[in-house]
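All remarks here apply to the structure that follows.
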Number of protein chains: 2
Amino acid sequence: MPEATKSMTIGTLAKMADTHVETIRYYQRRGLVEVPDKPFGGIRRYDEKAVARLHFIRSAQWLGFSLEEVGELLKLEDGTHCDEARTLAEHKLGDVRSKIAGLQKMEATLDDLVGRCRCSRDPQRCPMIHSLYTDLSDAPENPDT
Amino acid sequence: MPEATKSMTIGTLAKMADTHVETIRYYQRRGLVEVPDKPFGGIRRYDEKAVARLHFIRSAQWLGFSLEEVGELLKLEDGTHCDEARTLAEHKLGDVRSKIAGLQKMEATLDDLVGRCRCSRDPQRCPMIHSLYTDLSDAPENPDT
DNA sequence: TTTGACTCCGTAGTCAGGTACGGAAGTAAG
DNA sequence: CTTACTTCCGTACCTGACTACGGAGTCAAA
């Protein structure tokens with residue numbers, strides 16, 4: 001582990017994590033990112049852990065977790081609420097698995113669609129798209145909750 | 001195909017699609033759901049196709065597509081822009097596939113977590129959660145766009 | 001030691017995706 | 001024909017996740 005980038009300012013941190021200062025502050029307000037102590041009347045500094053945390057938040061979000069859920073996932077980190085953590089992780093696992101299942105269904109449908117759609121010269125022959133409806137509408141019995 | 005439920009009112013449609021009247025109207029405003037002609041001074045009626053469309057919208061949304069994207073997917077339906085449609089579907093497919101990959105990574109991590117987290121009596125022993133960071137933070141190079 | 005960029009912090013605005021409200025008009029049951 | 005329930009349509013409001021703004025303080029290079 002390189003100790004190179006220790007003590008970044010929030011601006012540098014933002015660049016490192018490919019996000020914006022205001023977004024980081026927003027996460028801090030929401031308790032997702034720690035607000036480091038600031039040296040008397042000085043400026044707060046951040047390290048690589050903050051970068052990693054921001055990456056994690058962005059990844060989890062991209063995968064469809066809300067910031068609230070991300071917060072829960074992040075609680076698993078401290079290792080102090082092991083039982084809770086396991087329960088939470090099990091829940092998330094269920095979540096993740098049904099998302100995967102749903103996406104795989106969509107993958108199959110889209111793949112099928114792309115496969116059939118070899119009708120470059122005859123638009124009339126491209127009606128299989130209708131399967132988008134039927135294939136998917138019976139997919140998730142009970143989306144989310 | 002049963003022709004049973006022809007000519008539902010918007011309220012019935014909402015129930016059938018397990019959604020709300022106002023949501024349907026919102027989709028109509030966004031052009032995702034057709035507004036049928038109304039008989040002079042009467043009330044608009046909807047059929048099974050509308051139900052299917054609403055199911056589709058909800059499924060696609062649940063899978064992480066925005067209403068704007070859902071709109072694009074729905075354009076595939078008329079079969080008149082076959083090339084465009086295929087391109088669009090290919091894009092979505094790429095999207096879907098990387099989401100699946102990301103979620104599978106998360107699944108593995110969570111599964112591992114749940115497996116290791118057999119430390120009901122010793123919280124200190126639960127530090128593997130850190131893998132959430134490292135496993136995921138190098139996952140999607142370029143989330144969304 | 002001044003200047004320009006950056007930080008801090010609070011508050012306000014934005015955008016997506018709904019959700020709620022309210023009055024007028026349609027409709028169905030008794 | 002009245003009463004109760006819907007529909008219609010417009011506008012306003014709400015939540016989540018940012019994004020922008022402004023004034024005061026900090027810091028580092030010239």
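Chain naming here is simple, since letters A, B, ... match the order of the sequence lines and numbering starts at 1 in each.
One hydrophobic cluster, built from ILVMFWY side chains closer than 4.5 Å, holds both B/L93 and B/L74.
In terms of modelled atom types and a separation under 3.5 Å, the side chain of A/S59 and the main chain of A/H55 share a donor-acceptor contact. Side-chain N or O atoms of A/S98 include one that pairs as donor or acceptor with a backbone N or O of A/G94 at under 3.5 Å. Side-chain atoms of B/R45 do not come within 3.5 Å of backbone N or O of B/M8 as any donor-acceptor pair.
Salt-bridge formation is detected for the pair A/R97/B/D111: a Lys NZ or Arg NE/NH1/NH2 atom is positioned less than 4.0 Å from an Asp or Glu carboxylate oxygen.
Annotation: the span from A/H91 atom NE2 to A/L73 atom CG amounts to 12.5 Å, rounded to 0.5 Å.
One atom, OH of B/Y26, and another, C1' of D/dC13, lie 14 Å apart when rounded to the nearest Å. The nearest whole Å value for the distance from the NE2 atom in B/H20 to the P atom in D/dC13 is 21 Å. D/dG10 atom C1' lies 14 Å from atom CD of B/Q28, rounded to whole Å. Per the geometry, CZ belonging to B/F65 stands 17 Å off C1' belonging to C/dG17, to the nearest Å. Counting to the nearest Å, the C1' atom of D/dG16 and the CD1 atom of A/I57 are 15 Å from each other. The nearest whole Å value for the distance from the CD1 atom in B/I24 to the P atom in C/dG18 is 12 Å. Separating the CD atom of B/E69 from the C1' atom of C/dG17 is a distance of 14 Å, rounded to the nearest angstrom.
Residue A/T23 has no polar side-chain atom (N or O) positioned under 4.0 Å from OP1 or OP2 of D/dA17. The shortest distance between the side-chain N/O atoms of A/Q61 and the OP1/OP2 oxygens of D/dG16 is not below 4.0 Å. In terms of phosphate contacts, A/Y27 brings no side-chain nitrogen or oxygen within less than 4.0 Å of OP1 or OP2 of D/dA17.
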Dump every N/O contact between nucleotides 6-10 of chain C and the protein below 3.5 Å, one line per pair.
from  : atom 1 : to    : atom 2 : distance (Å)
C/dT7 : OP1    : A/T9  : OG1    : 2.6
C/dT7 : OP1    : A/G11 : N      : 2.8
C/dC8 : OP1    : A/R44 : N      : 2.5
C/dC9 : OP1    : A/R44 : NH2    : 2.6
C/dC9 : OP2    : A/R44 : NE     : 3.4
C/dC9 : OP2    : A/R44 : NH2    : 2.9

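A heavy-atom distance below 4.5 Å is found between the side chains of A/M16 and A/E48.
A residue-by-residue look at A/P39 and A/R30 shows that A/R30 has its nearest nucleotide of DNA chain D further toward the 5' end.
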